[in-house]
Amino acid sequence: MPRLFVIRHGETEWSLNGRHTGRTDIPLTANGEEKVKKVGERLVGKGLIIEPDNLCTVFVSPRIRAHRTFHLLFSHVDNPPHHILSEEVREWDYGEYEGLRPAEIKKISPNWAIWKDGCPGGESVEDMQNRVDIVISKVKEYHRQYVEQGINTRDVVIVAHGHFSRVLIARWINFPLHLGTHFNVEPSSVAVLGYNHNSLEEPALNALNLFAVIH
């Protein structure tokens with residue numbers, strides 16, 4: 001059965017210190033780059049979990065931290081896959097809370113929770129769900145064509161961000177968006193989404209945080 005690999009970008013200075021990083025375009029740290037390379041060497045290549053020849057589509061967030069992660073993941077293979085830079089897989093727009101740590105946001109709005117309140121001046125919960133659901137529908141159409149018509153190759157990759165990935169995982173398995181709070185997605189980690197019982201009607205989470213450093 002086809003699969004969707006969801007990869008969070010590597011470590012940045014803001015991911016280290018807990019700042020909400022949506023629109024801000026900041027690079028990976030040197031340590032983040034090294035970790036991404038190591039993940040790529042273990043997971044990407046012929047006979048490994050992510051085989052470039054099996055990839056029909058790769059969607060990458062245009063933010064430099066995600067785009068650089070994509071190139072590092074595939075830097076050791078001879079023919080890196082074609083990729084599409086897409087704003088549809090960008091991070092949640094944090095609006096007025098961009099760049100703030102959770103403790104700083106709590107001083108402004110003590111009861112705030114992104115999973116139920118969204119972000120003032122940014123994306124609401126409904127905005128985020130709608131955007132992620134559109135991405136999922138496109139991936140599932142690629143998968144349907146592969147299974148039912150023999151079109152495309154097997155797998156899809158998305159290189160994106162923390163909150164985006166948590167929302168996507170929840171919505172992939174038909175959970176309400178707010179349950180994404182229960183999925184921790186570490187920097188430079190890989191999640192594998194697929195299907196149970198060889199059925200496109202039974203989406204499943206197959207793996208989470210492959211080869212990530214778990215804190």
Side-chain angles (χ1 to χ4, degrees), residues 4-29 32-33 35-36 39 57-73 83-105 108-109 112-139 156-172 175-191 193 208-209 212 215:
L4 167 61
F5 298 100
V6 182
I7 302 168
R8 183 183 174 189
H9 65 75
E11 174 192 278
T12 69
E13 289 293 340
W14 281 20
S15 71
L16 274 175
N17 59 35
R19 294 184 183 275
H20 284 75
T21 319
R23 302 181 306 273
T24 307
D25 214 6
I26 60 176
L28 303 178
T29 63
E33 293 206 354
K35 287 182 178 178
V36 171
V39 170
T57 306
V58 180
F59 295 109
V60 181
S61 164
R63 304 293 85 77
I64 187 81
R65 56 194 184 275
H67 199 192
R68 179 64 173 157
T69 294
F70 163 78
H71 284 292
L72 291 170
L73 282 170
H83 65 286
I84 300 169
L85 294 178
S86 173
E87 288 288 345
E88 289 184 335
V89 300
R90 69 185 184 275
E91 180 60 295
W92 200 318
D93 187 336
Y94 298 121
E96 297 172 14
Y97 296 156
E98 179 76 10
L100 299 183
R101 297 180 176 92
E104 294 170 323
I105 298 173
I108 301 169
S109 180
W112 177 78
I114 193 171
W115 303 100
K116 63 181 180 66
D117 300 320
C119 298
E123 286 181 292
S124 67
V125 170
E126 292 76 18
D127 292 335
M128 192 63 179
Q129 177 166 309
N130 290 339
R131 176 156 64 87
V132 170
D133 284 354
I134 288 170
V135 172
I136 289 173
S137 69
K138 290 181 178 181
V139 173
V156 176
V157 167
I158 293 176
V159 183
H161 307 269
H163 271 118
F164 175 90
S165 298
R166 295 164 77 185
V167 172
L168 188 146
I169 291 167
R171 296 301 296 158
W172 179 268
F175 283 2
L177 175 146
H178 72 268
L179 292 184
T181 190
H182 299 293
F183 300 113
N184 285 332
V185 177
E186 299 292 339
S188 66
S189 68
V190 179
L193 303 177
L208 186 63
N209 287 318
H215 298 285

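Along the sequence shown, residues are numbered consecutively beginning with 1.
Partners of T21 according to the side-chain hydrogen bond (donor to acceptor under 3.5 Å, both in side chains) rule, which considers only residues two or more places apart in sequence or in another chain, do not exist here. Remark: R63 engages E87 in a salt bridge (Lys or Arg N to Asp or Glu O under 4.0 Å) (not counting sequence neighbours). Residues passing the salt bridge (Lys or Arg N to Asp or Glu O under 4.0 Å) test with E88 are K138, sequence neighbours excluded. Applying the side chain to side chain contact (heavy atoms under 4.5 Å, CB included) criterion to P102, with sequence neighbours excluded, gives H20. Under the side-chain hydrogen bond (donor to acceptor under 3.5 Å, both in side chains) criterion, Y97 pairs with no residue at all, not counting sequence neighbours. Remark: H71 pairs with H67 by the side-chain hydrogen bond (donor to acceptor under 3.5 Å, both in side chains) rule, at least two apart or across chains. E33 is linked by a side chain to side chain contact (heavy atoms under 4.5 Å, CB included) to L28, R68, L72, counting only residues two or more places apart in sequence or in another chain. Residues passing the side chain to side chain contact (heavy atoms under 4.5 Å, CB included) test with E104, sequence neighbours excluded: R19, L100, R101. Partners of D133 by side-chain hydrogen bond (donor to acceptor under 3.5 Å, both in side chains), not counting sequence neighbours, listed by chain and number: R171. Here D127 pairs with nothing under the salt bridge (Lys or Arg N to Asp or Glu O under 4.0 Å) rule; sequence neighbours left out. Take P27 and apply the side chain to side chain contact (heavy atoms under 4.5 Å, CB included) test, not counting sequence neighbours, and it matches no residue.
When all heavy atoms of I169 and A191 are compared, the closest pair comes out as CD1-CB, 4.2 Å. Scanning both residues, A170 and P176, for their nearest heavy atoms gives CB-O, 3.9 Å. The two atoms that bring G121 and E96 nearest to each other are N-OE2, 4.3 Å, heavy atoms only. Minimum heavy-atom separation, H161 to S61: NE2-OG, 2.7 Å.
Aromatic pair W115/H182: ring centres not closer than 6.0 Å. Between H9 and F70, the ring centre distance reaches or exceeds 6.0 Å.
Using a distance-only test at 3.5 Å, with no hydrogens or angles considered, a donor-acceptor pair links the side chain of E91 to the main chain of F164. Using modelled atom types, no side-chain atom of S15 and backbone atom of E11 make a donor-acceptor pair closer than 3.5 Å. A donor-acceptor contact shorter than 3.5 Å links the side chain of N209 to the backbone of N184. Not a single donor-acceptor pair under 3.5 Å links the side chain of S189 to the backbone N or O of V185. Remark: side-chain polar atoms of S188 are not paired, donor with acceptor, to backbone N or O of K35 under 3.5 angstrom. A donor-acceptor pair under 3.5 Å is formed between the side chain of W112 and the backbone N or O of G118.
Between V157 and F59, the closest side-chain pair of non-hydrogen atoms is not below 4.5 Å. At a threshold of 4.5 Å between non-hydrogen side-chain atoms, the residues Y94 and H163 count as touching. V167 has its side chain out of reach of Q129: every pair of non-hydrogen atoms, C-beta onward, lies at least 4.5 Å apart. Side chains of W172 and V6 form no contact here, defined as non-hydrogen atoms less than 4.5 Å apart. Using a 4.5 Å heavy-atom cutoff, the side chains of L177 and V125 are in contact. In this structure, the side chains of I114 and C119 come closer than 4.5 Å at one or more pairs of heavy atoms.
Using a 4.0 Å cut-off between charged nitrogen and carboxylate oxygen, E123 and R131 count as a salt-bridge pair.
Residue pairs meeting the salt bridge (charged side-chain N to carboxylate O under 4.0 Å, His left out) criterion with at least one partner in residues 176-185, sequence neighbours excluded, are absent.
For E98 and T24, the side-chain atoms include at least one donor-acceptor pair closer than 3.5 Å.
Of the residues listed (L193, L168, I7), the one engaging I158 in a side-chain contact (heavy atoms from CB on, under 4.5 Å) is L168, and it is the only one.
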Evaluation steps, side chain to side chain contact (heavy atoms under 4.5 Å, CB included), between V135 and V89: CA-CA 7 Å; V135 172; V89 300; 4.1 Å; yes
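Summarising the geometry, atom CD1 belonging to I64 is positioned 6.0 Å from atom CG belonging to D25; distances are rounded to the nearest 0.5 Å.
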